[in-house]
Amino acid sequence: MPSDAVPHLRWTDLPVAALPLGPDLFDPAVTFTCGQTFRWEPVEGAWIGVAGGHIVRLWQEGRWTCSQAYPPGFDLARYLWADFDLAGWAAAMRSRDPWLAMALAAFPGLRVLRQDPEEMLFTFALATASHVPRITHMVRSLAAQLGAPIAWIDGRLYRAFPTAEALLAAPDDLLTGPCNLGYRARVIRRLAAWYCERGRAWLSDLAARPYAEAHRRLQEAPGVGPKVADCLCLFGLGFAEAVPIDAQTWKVARGLFGSALPTRTLTARTYRLAGDLFRQRYGPAAGWAQEYLYHAARTGRLAGLAAR
DNA sequence: TGTGGACCTGCGTT
DNA sequence: GAACGCAGGTCCA
């Protein structure tokens, strides 16, 4: 669809909804910049992002999180995992170890998001051996170059995350040029071809299966190893027990579990072992614990742990 | 089963 | 201001 065929809107004309999530239960700044999502920006006291084909604007007033969305029908409560009892869980977790207690105190209101699984598949497949600023650039460039236009709002055009079909059809020089994917262009194209043969039902079917099976079957896709599969399980399929173990989390795991992890490097076996140790210590929402520990490690708050 | 190197860039540090 | 190491990995020897 050409960009002039979509509606021209104003934020002042869109209806406002509200959720009972104050700053202690949801901190947009931390949640949107901690590396689980890459399309949210602060704009004049609010945050604007594009998620699952919806343009969303949100801000907080006292104990409430207010939001607007276009097209209508965006389920913000689901996106923010609002039925997860963050306060109760955090209270129970503080006694597990001082490191998680510190991370919980440092970043109150950090929430794990439940995002569109197809977007998560491609986002984290291209996030390999990269860092948050670069992933942000790649994701936004892909949307700008290949995403379907949704609407103009207050003079700005917003585009959806590209479909698998659009990624498959994209010329190489566009993926490696303006989008700066580098070697990931090949990975994304292979993955898009593989995914297009199966379709969205393949992902939604996995969401209904046990975590271990979903995690195993996701790795049948080219370019999806254990870490990307766990990102998809946690951020896209809603498995709170999924623990993505990246380089930061691996350092945290070695500090926490020491000699229980037999190898210096992260192998397939120690990846499974580390995930199980996280789940033993932090329970069925170990993925939430990982997100707090990961963010604390990334911002240098766990230096004492890594040095052990 | 564990290890090491290649793969593209750009950010942050020195 | 330029050089260098390394980054939310995966895949293949």
Side-chain angles (χ1 to χ4, degrees), chain A residues 30-40 103 107 110 112-113 115 119-142 145 170 172-195 215-236 242-255 259-275 278 286-303 306:
Chain A
V30 177
T31 300
F32 292 154
T33 62
C34 72
Q36 59 176 322
T37 186
F38 303 96
R39 293 201 65 194
W40 288 88
F107 308 110
L110 168 58
V112 174
L113 301 171
Q115 305 180 70
E119 292 183 16
M120 292 301 96
L121 174 64
F122 290 104
T123 295
F124 284 99
L126 67 80
T128 61
S130 193
H131 42 80
V132 172
R134 177 147 191 227
I135 301 163
T136 303
H137 178 243
M138 290 189 286
V139 168
R140 292 182 186 179
S141 305
L142 282 174
Q145 299 286 335
D172 262 333
D173 55 353
L174 192 147
L175 295 180
T176 54
C179 299
N180 271 325
L181 264 57
Y183 72 91
R184 301 170 192 81
R186 291 193 304 277
V187 177
I188 290 302
R189 189 183 301 286
R190 232 178 20 246
L191 178 59
W194 190 92
Y195 180 81
H215 184 248
R216 179 174 49 77
R217 289 188 52 196
L218 282 168
Q219 293 175 70
E220 294 168 8
V224 177
K227 189 269 179 180
V228 173
D230 266 326
C231 285
L232 193 45
C233 282
L234 182 61
F235 304 131
V243 180
I245 298 171
D246 60 289
Q248 292 286 357
T249 307
W250 175 238
K251 287 180 196 162
V252 172
R254 294 190 72 201
S259 58
L261 296 169
T263 58
R264 186 176 55 82
T265 56
L266 192 50
T267 68
R269 188 165 71 92
T270 43
Y271 187 100
R272 279 196 302 277
L273 191 52
F278 273 108
W288 282 68
Q290 183 275 347
E291 202 53 23
Y292 276 85
L293 290 167
Y294 164 75
H295 191 58
R298 200 168 74 85
T299 52
R301 311 288 187 101
L302 296 183

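Every chain is numbered from 1 and lettered A, B, ... according to where its sequence line falls, protein lines coming before strand lines.
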Inset, instruction - Classify the nucleic acid contact of A/V187 as base, sugar-phosphate or nothing, counting any heavy atom under 4.0 Å across all strands shown. - result: nothing
Inset, instruction - Taking side chain to side chain contact (heavy atoms under 4.5 Å, CB included) as the test, write out the residues that go with A/R217, two or more places apart. - result: A/W202, A/D205, A/L206, A/R209, A/E213, A/E220
Inset, instruction - Check the pair A/F235 / A/V112 against side-chain contact (heavy atoms from CB on, under 4.5 Å), numbers first and verdict last. - result: CA-CA 7 Å; A/F235 304 131; A/V112 174; 3.9 Å; yes
Legend entry - Heavy-atom donor-acceptor pair, A/Q290 side chain to A/T249 backbone, under 3.5 Å: no
Inset, instruction - Would you name the heavy atoms of A/I135 and A/A127 that are closest together and state the gap between them? - result: CD1-CB, 3.6 Å
Legend entry - A/N180 backbone acceptor or donor facing A/R134 side chain under 3.5 Å: yes
Legend entry - Qualifying residues under salt bridge (Lys or Arg N to Asp or Glu O under 4.0 Å), relative to A/R189, sequence neighbours excluded: A/D172
Between the protein and nucleotides 10-14 of chain B, which nitrogen or oxygen pairs come in under 3.5 angstrom?
from   : atom 1 : to     : atom 2 : distance (Å)
B/dG10 : OP1    : A/N180 : OD1    : 3.4
B/dG10 : OP1    : A/N180 : ND2    : 3.0

Legend entry - Minimum heavy-atom distance between A/A274 and A/W250, given as atom pair plus value: CB-CZ3, 4.4 Å
Inset, instruction - Could you provide the dot-bracket string of DNA chain C, using ( ) for intrastrand pairs, [ ] for crossing pairs and | for bases paired to another strand, with Watson-Crick or G-U pairs below 3.5 Å? - result: .||||||.|||||
Inset, instruction - State the OH-CG distance between A/Y271 and A/L273, to the nearest 0.5 angstrom. - result: 12.5 Å
Legend entry - Sugar-phosphate only, base, or nothing, as touched by A/C34 at under 4.0 Å among non-hydrogen atoms: base
Inset, instruction - Report which part of the nucleic acid A/Y294 touches: base, sugar-phosphate, or nothing (heavy-atom distance under 4.0 Å, all strands). - result: base
Legend entry - A/R184 side chain vs A/A129 backbone, donor-acceptor pair below 3.5 Å: yes
Legend entry - Whichever of A/P222 and A/A127 has its nearest DNA chain C nucleotide further upstream toward 5': A/A127
Inset, instruction - Could you work out the separation of C/dG1 and B/dT9 based on their P atoms and round it to a whole Å? - result: 25 Å
Inset, instruction - Using the P atoms only, state how far C/dC6 lies from B/dG4, rounded to an integer number of Å. - result: 14 Å
Inset, instruction - Please work out if A/R264 contacts a base, only the sugar-phosphate, or nothing of the nucleic acid, heavy-atom cut-off 4.0 Å. - result: sugar-phosphate
Inset, instruction - Please state the P separation for the pair B/dG5 and C/dG5 - nearest whole angstrom. - result: 14 Å
Inset, instruction - Shoot me the first and last contacting nucleotide of DNA chain C against chain A, ordered 5' to 3', at under 4.0 angstrom to non-hydrogen atoms. - result: C/dA7 to C/dC11
Inset, instruction - Hey, which sits more toward the 5' end of DNA chain B by its nearest nucleotide, A/P262 or A/Y183? - result: A/P262
Inset, instruction - Return yes if some donor-acceptor pair links the side-chain N/O of A/H215 with the main-chain N/O of A/P226 below 3.5 Å, else return no. - result: yes
Inset, instruction - Report the residues that fulfil side chain to side chain contact (heavy atoms under 4.5 Å, CB included) with A/A103, sequence neighbours left out, ordered by chain and then residue number. - result: A/Y292, A/A296
Inset, instruction - Rounded to whole angstrom, note down the P distance from C/dG8 over to B/dT13. - result: 13 Å
Inset, instruction - Scan A/G223 against the nucleic acid and name what it touches under 4.0 Å (heavy atoms): base, sugar-phosphate only, or nothing. - result: sugar-phosphate
